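Proteins get letters first, then strands, A, B, ... in listed order; numbering begins at 1 in each. Just so we're clear, the structure is a prediction, and the values are computed from it rather than from any experiment.
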Amino acid sequence: MSDASKEWPLWEVFVRGKGGLSHRHVGSVHAADAKMAVEHARDTYTRRMEGVSLWVLPSAQITSSDPGDAAALFEPAEDKVYRHPTFYKIPDGITHI
Amino acid sequence: MYTTDMSGSKKAEAVAEDPAKVAAFEARVANDEFIEPKDWMPEAYRKTLVRQMSQHAHSEIVGMLPEGNWITRAPNLRRKAILLAKVQDEAGHGLYLYSAAETLGTSRDEMTEALLSGKAKYSTIFNYPTLTWADIGAIGWLVDGAAIMNQVPLQRTSYGPYARAMVRICKEESFHQRQGYEIMMHLAAGTDAQKRMAQDALNRWWWPSLMMFGPPDDKSPNTEQSMRWRIKRDTNDDLRQKFVDITVPQAEAIGLTVPDDKLKWNEERGAYDFGDVDWEEFYAVVKGEGPVAKERMQARVKAWEDGAWVRDAARVHAEKRAAAKLAAE
Amino acid sequence: MDALATYALRLGDDSLILGQRLGEWCGHAPALEVDLSLANVALDQIGQATHFLNLAGEIEGAGRDGDKLAFHRDVMDFTNCLLVEQQNGDFAQTIARQFLFSHYQELMFAALAASKDARFAAIAAKAVKEVTYHATLASDWVVRLGDGTEESRARMIAGLDWMWRFADELFEMDDVDAAALAAGVGADKAALRGAWDQRIDLALADATLARPAARRPVLGGRTGRHSEHLGHLLSEMQFLQRAYPGATW
């Protein structure tokens, strides 16, 4: 077995700061199994009341977009200005819209 | 806790890169944009970052030892809890930094291996011994003070994961310097024996603290490139001057004397003039000749080797359980 | 000290000595994350010690606070159980100690949270949340090490074997316990034993480990008859207070 595979896998840690908020990525921990990953995430990232809930997932399981594709993926949204409310001119005096 | 610039006199090696990509990268950085893990970056940038972040992480981990030396001897329950929480924070900071460095494709085990084999450097300050309780005060006040000065600008460093780790670290470290100064304040106002202890600690930690900012600017060849890449935001000498100017009045306020005959307020510059740092000692300590460098490495190696069976056991257990789960499905 | 003060003192001493032992690990654990975990447990214990020792001093009414009690008593006046003063040994031995003690502490604090004395109840209600996590953490490690490699299994068995003879003391009821129970303040420790056995057996089964054979219990911690380890622990812990009498820190 190679040395690299002896290392405990890396897990990404997400914390819900308080009820009503979504989980936010805060960093990572090494852990041998999922339960240990939760424990390590708790002991590392919530020592100052930072959260009320944790998610951990193996870093290897994340699929991310390629920065090289960023132009094709994200720039086409730039000219869809009609998706934003400020695109529309409503006469003064019309309220609640 | 900190990142001494220990780049020494070696210039970063030049590698042939696509000039257009380099230009685009440099423009992004100059524009204060963040570089993220999967973005294209020059090889030298990647290497410099991994070296700086791992050195920084190693410093946090080795830095646990001098202060950890006093956890079991802290003088009361409040101090014991504070010190333990602080040293634990250093472990956390090391962890955040290793995590940030791992995003560049170097595993924590590889970095640990580099530390334990003596290939990687860590901050020279931790190769000095903690002899009395006052050293815990001096470390918090001076060493963490110097570290904060180094670290605050790094919250805006160009590499996203590093910057985010630094934001978290700076937030957590805000109590570290205060608790150290509070210890010193208490000692300086205490019995004669306590005052002596406090002054002795300041005498021993002052110069090593000034060394934490790294070699003088004219001996720090990578500074220019690192500043252009926004992985360093101020020069060593600028930060050192700032530290002296802030710290001297703090010492005076509690009746302690900074151990420097040449220390004098310079009205014209609006700053303190101060004596020369012993750079020969600095370079010797960088090379591993610090008073307790061997003890520090011995402790890290022992912890790593003694822990090997634990790490193996957890991994094997996880594999067994995963296999059993699979078989049951 | 009267019975209630002694009762608080015992709870405080248990937490103090265990916190002190766990503090020794800081910077030397098998992995960085484990270092953080052990320090969290230690910090919880030191916090509990502070609350219970201050309470002991308050009930005693002789002007001693938690620090005075922690740093100015000699070994024969310490009332912690023998289990917590045992040396860390290897990681398995530390986990064995934590495993046996945390499950006891969780049951104990859960019971004490219903104390008629609001001061005991308040400390216990807060602390039970802390030690519930400690018990889970320790059990998980017992399972990993017991059902891990051959080496970890042998070490886990040795660690449990070392600690096992100190388990009975946890549930011992003497005059102080009886008085605290009668006053509606303390818990019936003997009655916690069944639940503790169940928890221990459950985790050991998951760890594929056998329960260590019953043996003659070693007792005496509650009345100041300690192992040789405690004196060394105290001489280190109390060094500054002893070397600089009258100084404040």
Side-chain angles (χ1 to χ4, degrees), chain B residues 57 60-85 87-92 94-95 98 108 112 132-133 183 186-187 189-191 193-194 197 299-300 302-304 306-321, chain C residues 16 19-36 38-40 42-43 46-47 49-50 53-54 65-71 90-92 95 140-141 143-153 155-156 207 233 236-241 243-244 246-249:
Chain B
E60 303 282 353
I61 301 311
V62 179
M64 295 172 75
L65 299 170
E67 290 180 282
N69 184 34
W70 279 89
I71 290 172
T72 57
R73 290 180 289 170
N76 58 40
L77 295 168
R78 176 172 173 269
R79 295 281 181 214
K80 189 185 288 293
I82 292 170
L83 181 58
L84 182 52
V87 181
Q88 184 202 40
D89 274 351
E90 313 297 359
L95 198 156
Y98 283 130
R108 193 197 294 175
T112 303
T132 72
W133 172 251
I183 289 174
H186 223 87
L187 295 175
T191 65
Q194 287 177 305
M197 203 185 273
R300 285 315 309 158
K302 186 175 188 317
W304 185 247
D306 287 355
W309 68 268
V310 178
R311 297 189 301 274
D312 284 347
R315 183 176 43 82
V316 169
H317 172 76
E319 286 164 6
K320 277 190 197 175
R321 291 290 157 114
Chain C
L16 174 64
Q20 174 76 2
R21 278 289 184 228
L22 290 169
E24 294 171 15
W25 269 106
C26 191
H28 307 278
L32 206 40
E33 285 86 351
V34 178
D35 225 312
L36 283 143
L38 291 175
N40 275 341
L43 283 168
I46 292 166
T50 306
L53 293 180
N54 280 334
D65 63 4
D67 282 329
K68 192 86 187 161
L69 288 168
F71 295 92
D90 63 9
F91 185 68
I95 288 299
D140 289 347
W141 271 111
V143 172
R144 289 187 196 107
L145 299 180
D147 188 22
T149 61
E150 265 181 53
E151 180 178 5
S152 70
R153 182 180 180 80
R155 286 176 182 268
M156 196 62 244
L233 180 151
E236 189 173 339
M237 184 176 83
Q238 298 177 337
F239 158 68
L240 281 169
Q241 293 273 359
Y244 299 94
T248 62
W249 304 90

request  = Quick one: do B/L65 and B/R300 satisfy side chain to side chain contact (heavy atoms under 4.5 Å, CB included)? Show the steps, please.
outcome  = CA-CA 9 Å; B/L65 299 170; B/R300 285 315 309 158; 4.1 Å; yes
Query - Student check: side-chain heavy atoms of C/F239 and B/T72 closer than 4.5 Å - result: no
Exercise for review: Flag the pair C/I95 / C/R144 as yes when at least one side-chain heavy-atom distance between them is below 4.5 Å, and no otherwise.
Suggested key: no
Per-residue tally against chain B (heavy atom, under 4.5 Å) across C/E151, C/E236, C/M156 peaks at C/E236
Applying a strict 4.5 Å limit to non-hydrogen atoms, the region of B/L83 in contact with chain C is neither
B/I183 and B/W133: side chain to side chain contact (heavy atoms under 4.5 Å, CB included), yes or no, with the steps? CA-CA 9 Å; B/I183 289 174; B/W133 172 251; 3.5 Å; yes
Most heavy-atom pairs under 4.5 Å with chain B, out of C/I46, C/L32, C/L233, belong to C/L32
Highest number of heavy-atom pairs under 4.5 Å with chain B among C/L36, C/V34, C/L38, C/D35 belongs to C/L36
Interface check, chain C: of B/G68, B/A91, B/A314, most non-hydrogen pairs under 4.5 Å belong to B/A91
Ranked by heavy-atom pairs below 4.5 Å to chain C, first place among B/G190, B/A318, B/A85, B/A308 goes to B/A85
Turns out that what part of C/R155 lies under 4.5 Å from chain B's heavy atoms comes down to side chain
Quiz item: Does C/R153 come within less than 4.0 Å of C/E150, counting only side-chain N to carboxylate O?
Solution: no
Self-check item: Expected output: side-chain B/K80 to main-chain B/P75 donor-acceptor under 3.5 Å
Solution: no
If one checks every heavy atom of B/L187 against chain C at 4.5 Å, the contacting part turns out to be side chain
Among B/Y98, B/W70, B/W304, the residue with the most heavy-atom pairs under 4.5 Å to chain C is B/W70
Under 4.5 Å to a heavy atom of chain B? For C/A29 that would be backbone
Chain B shares the most heavy-atom pairs under 4.5 Å, among C/D67, C/T149, C/L145, with C/D67
Okay, B/Q88 and chain C: the region with an atom under 4.5 Å from a heavy atom over there is both
Cut-off 4.5 Å, heavy atoms of chain B, and the answer for C/L16 is side chain
With chain C, the option among B/I71, B/T112, B/L84, B/V62 that has the most non-hydrogen atom pairs under 4.5 Å is B/L84
Closest non-hydrogen atoms of C/A70 and C/M237, given as atom of the first, atom of the second and distance, are O-CE, 3.4 Å
Residues at least two apart in sequence or cross-chain that pass side-chain contact (heavy atoms from CB on, under 4.5 Å) with B/N69, listed by chain then number, are B/R73, B/T130
The interface call for B/T191 against chain C, heavy-atom contacts under 4.5 Å, is side chain
From the list B/L77, B/V316, B/D306, the residue making the most non-hydrogen contacts under 4.5 Å with chain C is B/L77
Assert top hit (heavy-atom pairs under 4.5 Å, partner chain C, pool B/A189, B/A299, B/G94, B/A303) equals B/A303
Are C/S152 and B/D312 close enough, and set up right, to give a side chain to side chain contact (heavy atoms under 4.5 Å, CB included), and what steps lead you there? CA-CA 9 Å; C/S152 70; B/D312 284 347; over 6 Å; no
The interface call for B/L95 against chain C, heavy-atom contacts under 4.5 Å, is both
**Prompt:** C/F91 vs C/W25 aromatic rings, parallel, tilted or perpendicular, using cut-offs 30° and 60°?
**Reply:** perpendicular
The interface call for B/N76 against chain C, heavy-atom contacts under 4.5 Å, is both
If one checks every heavy atom of B/A74 against chain C at 4.5 Å, the contacting part turns out to be backbone
Give a yes or no on whether B/K320 atom NZ has more than 12 heavy-atom contacts from other residues, nucleotides or ligands under 6.0 Å away. yes
Contacts of C/Y244 meeting ring-ring contact (aromatic ring centres under 6.0 Å, His included) (sequence neighbours excluded), chain-then-number -> C/W249
